[in-house]
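For reference, the structure discussed in these notes is given below.
Protein chains get the first letters and strands the later ones, always in sequence-line order, with residue 1 at the start of each. Bear in mind the structure is a predicted one, so any value in this text is a computation, not a measurement.
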There are 2 protein chains.
Amino acid sequence: MGIADDAVEVRARGWRTLAALHGLIESTLERRLGEAVGLSVVEYTVLDALDRQDGWHMRMQQLAGATALSASATTRLVTRLEDRGLLTRVLCADDRRGIYTELTPAGRELYERARPIHDETLERVLGEAAARPELAPLVDALHVVAPSEAALA
Amino acid sequence: MGIADDAVEVRARGWRTLAALHGLIESTLERRLGEAVGLSVVEYTVLDALDRQDGWHMRMQQLAGATALSASATTRLVTRLEDRGLLTRVLCADDRRGIYTELTPAGRELYERARPIHDETLERVLGEAAARPELAPLVDALHVVAPSEAALA
DNA sequence: GACATATCGTTGCACACGCAAATAGTCCGC
DNA sequence: GCGGACTATTTGCGTGTGCAACGATATGTC
């Protein structure tokens, strides 16, 4: 077994670890957000993405990108949230194929309520993951993805 | 905004990055494995986990853990693969509630055919991800999860 | 030995997803 | 300004998923 074979195995192991950590975080968030505010993880992701645009619109396709969802799933997801009064569809004038979505006051209010729960849960589950030897290295590595703002503090 | 607030934001950003990378890898593997050998990612994961046990059994629950799937989804997943003749259910004598699964020769053969495709695709998609600035740091960090064998080479 | 309790796997059900086809709008060459 | 290629979003359809309820076995208590 040479160096190339080892590289293959390292990648495979890294991917399994990534998938395991992702599954753990997502299922925990799913449970917690569901029971606390009646939101799924993707639904929270949409609200979070829209809020981070701060009053700005977002196209369906951007939303699909942010959620890693197909176009059709995004359509239905937005429809669900619209039916609950959390966001609205806005036709945009310059490109009339495109549809913008923005948060309603109710949507913003629910997001403000959901965010602390999301953040606490994320902190807790990352702590649990750090206690598992096979996940710990990857948990530690998550810090490196956002060096900029932390360095400015 | 203090240090604690930054920690929250760093975790949230890390989680978004993790989810984005996971989504990219999974959807790419899904497409490629589907068209090449007719396997989904979870199905490949089952074959891979069973093969890595090398002739050994695996309980349903271990399989559920390895795939990050619910018990019911695991039941149906195993049923699908059993119907295709890729694995068999084996009742175990010592605990008659438990059910072991093991690969059939056909299952092992298909796995051998799928593995190089899986490995190539993983290499390619990790390369693509490394080219995206927001994903690159996490891709680099994946190496750290498997220090042992690489160091022994 | 019998009952309560817990664990393992399976099934009914509702629902979210991806793919492919359909619809509506834009852009470009001419 | 007209036809064709392209893009953005939506709908039909089949399928995989989680949750809750169930049957079967194991374990502990009296």
Side-chain angles (χ1 to χ4, degrees), chain A residues 19 22-36 38-46 57-84 86-102, chain B residues 19 22-36 38-46 57-84 86-102:
Chain A
H22 179 272
L24 175 64
I25 297 175
E26 176 153 69
S27 64
T28 306
L29 280 177
E30 192 81 44
R31 226 183 348 265
R32 195 72 193 86
L33 284 174
E35 69 188 18
L39 286 175
S40 69
V41 173
V42 267
E43 288 168 350
Y44 177 86
T45 303
V46 168
H57 322 285
M58 242 180 134
R59 290 180 86 114
M60 300 294 291
Q61 222 172 8
Q62 297 178 269
L63 235 42
T67 55
L69 240 48
S70 70
S72 65
T74 306
T75 291
R76 291 184 249 258
L77 174 55
V78 166
T79 303
R80 278 200 306 276
L81 295 173
E82 191 180 26
D83 289 346
R84 288 173 62 179
L86 302 176
L87 52 79
T88 54
R89 278 180 163 90
V90 181
L91 301 162
C92 65
D94 49 320
D95 183 347
R96 281 159 48 189
R97 293 169 303 182
I99 291 186
Y100 288 139
T101 54
E102 47 180 50
Chain B
H22 179 272
L24 175 65
I25 297 174
E26 175 153 69
S27 64
T28 306
L29 281 176
E30 192 81 44
R31 225 183 350 264
R32 195 72 192 87
L33 284 175
E35 67 189 19
L39 286 174
S40 69
V41 173
V42 268
E43 289 167 349
Y44 177 85
T45 303
V46 167
H57 322 285
M58 242 182 134
R59 295 191 120 182
M60 299 294 291
Q61 223 171 8
Q62 297 177 269
L63 234 41
T67 54
L69 241 47
S70 71
S72 65
T74 306
T75 291
R76 292 183 248 256
L77 174 55
V78 166
T79 302
R80 278 200 305 276
L81 294 173
E82 191 180 25
D83 289 346
R84 288 173 63 179
L86 302 175
L87 52 79
T88 53
R89 279 178 163 90
V90 181
L91 301 162
C92 65
D94 50 319
D95 183 347
R96 281 160 48 190
R97 292 170 303 184
I99 291 186
Y100 288 138
T101 54
E102 47 180 51

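Following rounding to the nearest Å, A:Met58 (CE) and D:dA8 (P) show an atom-to-atom distance of 14 Å. What separates CD of A:Gln61 from C1' of D:dT9 is a distance of 9 Å, to the nearest Å. The separation between B:Ile99 atom CD1 and D:dG23 atom P is 17 Å, rounded to whole Å. Counting to the nearest Å, the C1' atom of D:dA8 and the OH atom of A:Tyr100 are 12 Å from each other. Spacing between atom CD of A:Glu82 and atom C1' of D:dT10 amounts to 13 Å, rounded to whole angstrom units. In this structure, CZ of B:Arg59 is placed 14 Å from P of D:dT25, rounded to the nearest angstrom. Remark: P of D:dG18 and CE of B:Met60 are 13 Å apart, rounded to the nearest angstrom. Between the CZ atom of B:Arg84 and the P atom of D:dG16 there is a distance of 10 Å, rounded to whole Å.
The list of salt bridge (Lys or Arg N to Asp or Glu O under 4.0 Å) pairs with a residue in residues 61-73 of chain B, not counting sequence neighbours, is empty. Each side-chain hydrogen bond (donor to acceptor under 3.5 Å, both in side chains) pair with one or both residues in residues 23-32 of chain B, not counting sequence neighbours, appears once here: B:Arg32-B:Glu35.
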**Study point:** side-chain contact (heavy atoms from CB on, under 4.5 Å) assessment of B:Val46 paired with B:Leu87
**Key:** CA-CA 10 Å; B:Val46 167; B:Leu87 52 79; 4.0 Å; yes
Review point. Under the side-chain contact (heavy atoms from CB on, under 4.5 Å) criterion, do A:Val78 and A:Met58 qualify, and how do the steps go?
Key: CA-CA 11 Å; A:Val78 166; A:Met58 242 180 134; over 6 Å; no
Exercise for review: I would like to know whether B:Leu86 and B:Glu43 meet side-chain contact (heavy atoms from CB on, under 4.5 Å); could you show each step before the answer?
Suggested key: CA-CA 10 Å; B:Leu86 302 175; B:Glu43 289 167 349; over 6 Å; no
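Taking CG of A:Leu63 as the reference point, atom CD1 of A:Ile99 lies at 12.0 Å (rounded to 0.5 Å). B:Met60 contributes atom CE, which lies 14.5 Å from atom CZ of B:Arg97 (distance to the nearest 0.5 angstrom). Rounding to the nearest 0.5 Å gives a distance of 5.0 Å between CZ of B:Arg59 and OH of B:Tyr100. Separation of atoms OG (B:Ser40) and CG (B:Leu81) is listed at 7.5 Å; rounding is to 0.5 Å. Atom OG1 of residue A:Thr75 and atom CD of residue A:Glu82 lie 11.0 Å apart, to the nearest 0.5 angstrom. Taking OG1 from B:Thr45 and CG from B:Leu69, the interatomic distance works out to 9.5 Å, rounded to the nearest 0.5 Å.
Minimum interatomic distance between B:Ser70 and B:Ala64 (heavy atoms only, all atoms of both residues): O-CB, 4.4 Å. The heavy-atom pair separating B:Ala68 from A:Gly23 by the smallest distance is CB-CA, 4.4 Å.
Within residues 68-81 of chain B, the residues approached by DNA chain D to less than 4.0 Å at the level of any non-hydrogen atom are B:Leu69, B:Ser70, B:Ser72, B:Ala73, B:Arg76, B:Arg80, in residue-number order.
Taking a heavy-atom distance under 4.0 Å as the criterion, the stretch of DNA chain C touched by chain B extends 5' to 3' from C:dT7 to C:dC13.
For the pair B:Gln61 and B:Thr74, the minimum side-chain heavy-atom distance is 4.5 Å or more.
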Nucleotide N/O to protein N/O under 3.5 Å, stretch nucleotides 26-28 of chain D:
residue : atom : partner : partner atom : Å
D:dA26  : OP1  : B:Arg96 : N            : 3.1

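Counting non-hydrogen atoms under 4.0 angstrom, B:Arg31 reaches nothing in the nucleic acid.
From one end of the helix from C:dG1-D:dC30 to C:dC30-D:dG1 to the other, with five pairs defining each end axis, the axis direction shifts by 30° (rounded to 10°).
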